[in-house]
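What follows is a set of notes on a single structure, which appears directly below.
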Amino acid sequence: MKLMLRTKFSLYFIIFFAFSFILISVLTNTFAHKYFKEYVKLNEEQAHKSIVSALEHKYAENATWNMELLDIIGANSLERGFIIKVLDEFDNLLWDATIHNEGMCQRIIQQMHYNMNSRYPHIEGYYIEKTYPVYYHSDNVGTVKIGSYGPFYMSEYDLAFLDTLNRIIFLVGSFSLLCALFFGSVMARRLTNPISKVIDNAQLISKGDFSARIHEESSTLEICQLTDTINNLAKSLEKQEILKKRLTSDVAHELRTPLATLQSHMEALIDGIWEPEIERLKSCHEEIVRISKIVEILGQLAKYESENLSLSKTTFDIFGQIQNLLKHFESDFINNKLNCKLSGTKTLIHADKDKITQVAINLISNAIKYTNEGGEIQISIDNFENTVKFTVRDTGIGISQEDLPHIFERFYRADKSRNRMTGGSGIGLTISKAIIDSHNGKIEVKSTLGEGSEFTVHIPHKEVSNISGDY
Ligand code: ADP
């Protein structure tokens, strides 16, 4: 049977409480009764002793038995519920409560039977007489027999006390049970409300609605972790969804121009408007190459833009790596008459070597592409307390202020006509940003149109510190 967490929680709470309550009640009752019985016995002994000492005292007043005084002590004792018999040293009966007031004695004995039978029906009770010697200057001057109930006796007051005790235990128990019910259900609600919200949200997510978020606050650590996890899941699915939609529209947009060009060229060739000259066919071929390139970069984009870009980190010298890289660009520098300067020292970083190299290639090849002949490219590596900074500065064409906020967007090209010439696809910076983001770093750009650009990459030192280096 499947029960709701709330019901289960309340049920466990009640069962646990009921068990504790029964245990406490049984233990309290058992021990209270045991000690109370002993107390009652002790009390009875004290009362008997007080009767004996009263008799000894009255005997001592006259050094003999005084019948009047005996009568007073006997009657007093009877009123307190004690049936006594007094005998002299020769065992002659001096005073007997049953003779003095037989009716009252009968009532006292009946009451004793009644009290004990009603409370302890399983105990075989009996009336007994306890005998105590009476002394005067250490001479035995008589005996007193005091009626008692065996094995123990509880008066109405004693029984009333026990009843009150039981009633208090019952009332406290009932009150606590109500409290347990109340707090149990409040706690269960506090615990299950956020879980219900999580379930609702998870159902929305499974139906494809990723915009819903759980705002329920909870003081329970696991609940907070659960809601955070679901919120993050929704966020990442939402991001994936947006990326998917954007990718589709961007691809459609990118393919539209070369396809339209190709289509019009082909139609012109088919309709005989154009002769199939080499130049015309070359132009068609260029468009086909463009389309193939777009298709090729789509795969790369999907890989880099997904949240879980997997990094295989090692410790390497970024300065040494750039130095090696620049050797591959040497011919570009010479062909474009560019002056390249590298500054910095050996700097170990813990990062994905291939992907960081990919970023460096993108930034350096952009600097080469967008810098006119005779220009200068400066590359520097700076080691700061919290980050390692890698900068590529050029004296190229620069980027306008309106293009600057968009250059990291995919397929964005600031200067479309020049890009066509340089063969730019507009995804190099998008990929670079995705790589740096996945290293928890930052990529920034400063640029002035006509003067040049400066791209700065910050890789957090947290990724770098405490590494002895395997370089
Ligand atoms: P592309 O393949 O077109 O270079 P990128 O994503 O690398 O794609 O760059 C996006 C756009 O940003 C480029 O088309 C260009 O307009 C601009 N850009 C990038 N780097 C530079 C630079 N160093 N100087 C001037 N413009 C740049």
Side-chain angles (χ1 to χ4, degrees), residues 243 246-247 250-251 253-258 286-287 289-305 309 322 325-326 328-329 332-333 335-342 355-380 389-438 441-458:
L243 280 177
R246 264 187 48 199
L247 185 64
D250 287 350
V251 168
H253 180 258
E254 281 304 302
L255 289 176
R256 199 170 296 131
T257 319
E286 261 171 33
E287 294 306 330
V289 169
R290 260 175 76 76
I291 294 169
S292 318
K293 212 167 167 190
I294 290 169
V295 172
E296 186 196 318
I297 61 171
L298 283 180
Q300 287 180 40
L301 257 185
K303 192 175 104 200
Y304 283 103
E305 282 201 331
L309 173 63
I322 304 286
L325 192 65
L326 288 179
H328 299 286
F329 284 105
D332 294 297
F333 293 135
N335 292 343
N336 293 290
K337 298 191 177 65
L338 295 171
N339 182 19
C340 180
K341 283 183 190 160
L342 171 68
K355 294 200 171 77
I356 294 292
T357 308
Q358 175 71 54
V359 174
I361 292 173
N362 290 350
L363 296 183
I364 296 168
S365 59
N366 273 353
I368 295 170
K369 258 194 289 184
Y370 302 111
T371 305
N372 295 322
E373 277 188 10
E376 190 174 276
I377 297 171
Q378 286 175 15
I379 302 165
S380 60
K389 199 169 95 172
F390 162 52
T391 313
V392 178
R393 198 176 299 120
D394 64 56
T395 54
I397 59 165
I399 306 161
S400 73
Q401 292 310 303
E402 63 227 45
D403 286 325
L404 217 48
H406 305 287
I407 56 160
F408 292 103
E409 288 173 16
R410 66 160 89 106
F411 298 121
Y412 194 88
R413 290 172 296 235
D415 184 343
K416 305 282 186 296
S417 55
R418 186 180 171 118
N419 258 283
R420 263 190 160 255
M421 261 156 55
T422 53
S425 56
I427 67 142
L429 289 180
T430 314
I431 288 177
S432 301
K433 188 174 183 310
I435 292 173
I436 298 304
D437 282 351
S438 68
K442 214 163 56 173
I443 182 162
E444 289 170 338
V445 57
K446 281 188 219 155
S447 188
T448 311
L449 202 60
E451 285 184 18
S453 312
E454 181 185 297
F455 285 85
T456 313
V457 172
H458 303 264

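Just so you know, ligand 1 is whichever comes first in the structure, and atom 1 is the first atom listed for that ligand. What you see is a predicted model; the values in this text were computed from it and never measured. Sequential numbering from 1 along the given sequence is applied to the chain's residues.
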Separation of Thr456 OG1 from Ile436 CD1 (nearest 0.5 Å): 11.5 Å

Salt bridge (charged side-chain N to carboxylate O under 4.0 Å, His left out) partners of residues 444-457, not counting sequence neighbours, each pair once: Arg393-Glu454, Lys442-Glu444, Lys446-Glu454

Contact check: Lys369 vs ligand 1, nitrogen or oxygen atoms, below 3.5 angstrom: yes

Mode of Phe408 contact toward ligand 1 - side chain, backbone, both, neither (heavy atoms, under 4.0 Å): neither

Contact partition for Ile427 relative to ligand 1, non-hydrogen atoms under 4.0 Å: backbone

Minimum non-hydrogen distance to atom 26 (N) of ligand 1, winning option of Val392, Thr395, Asn362, Ile399: Ile399

Minimum-distance pair of heavy atoms, taken over all atoms of Thr395 and Gly375: OG1-CA, 3.4 Å

For Ile407, the ligand 1 atoms whose distance to one of its heavy atoms is below 4.0 Å: 10 (C), 12 (O)

Beyond-backbone contact of Asp394 with Leu338, side-chain heavy atoms, under 4.5 angstrom: no

Atom indices of ligand 1 within 4.0 angstrom of Gly426 heavy atoms, with elements: 1 (P), 2 (O), 3 (O), 6 (O), 8 (O)

Any side-chain heavy-atom pair of Leu363 and Leu429 under 4.5 Å: yes

N or O pair under 3.5 Å between Gly428 and ligand 1: yes

Residue pair Leu404 / Ser447: nearest heavy atoms and the distance that separates them: CD1-CB, 3.9 Å

Atom indices of ligand 1, in the order listed, that fall short of 4.0 Å to a heavy atom of Leu429: 5 (P), 6 (O), 7 (O), 9 (O), 10 (C), 12 (O), 19 (C)

Ligand-side contact atoms (ligand 1) for residue partner Ser453, heavy atom cut-off under 4.0 Å: 22 (C), 24 (N), 25 (C)

Residues which pass side-chain hydrogen bond (donor to acceptor under 3.5 Å, both in side chains) with Asp437, listed by chain and number, not counting sequence neighbours: Lys433

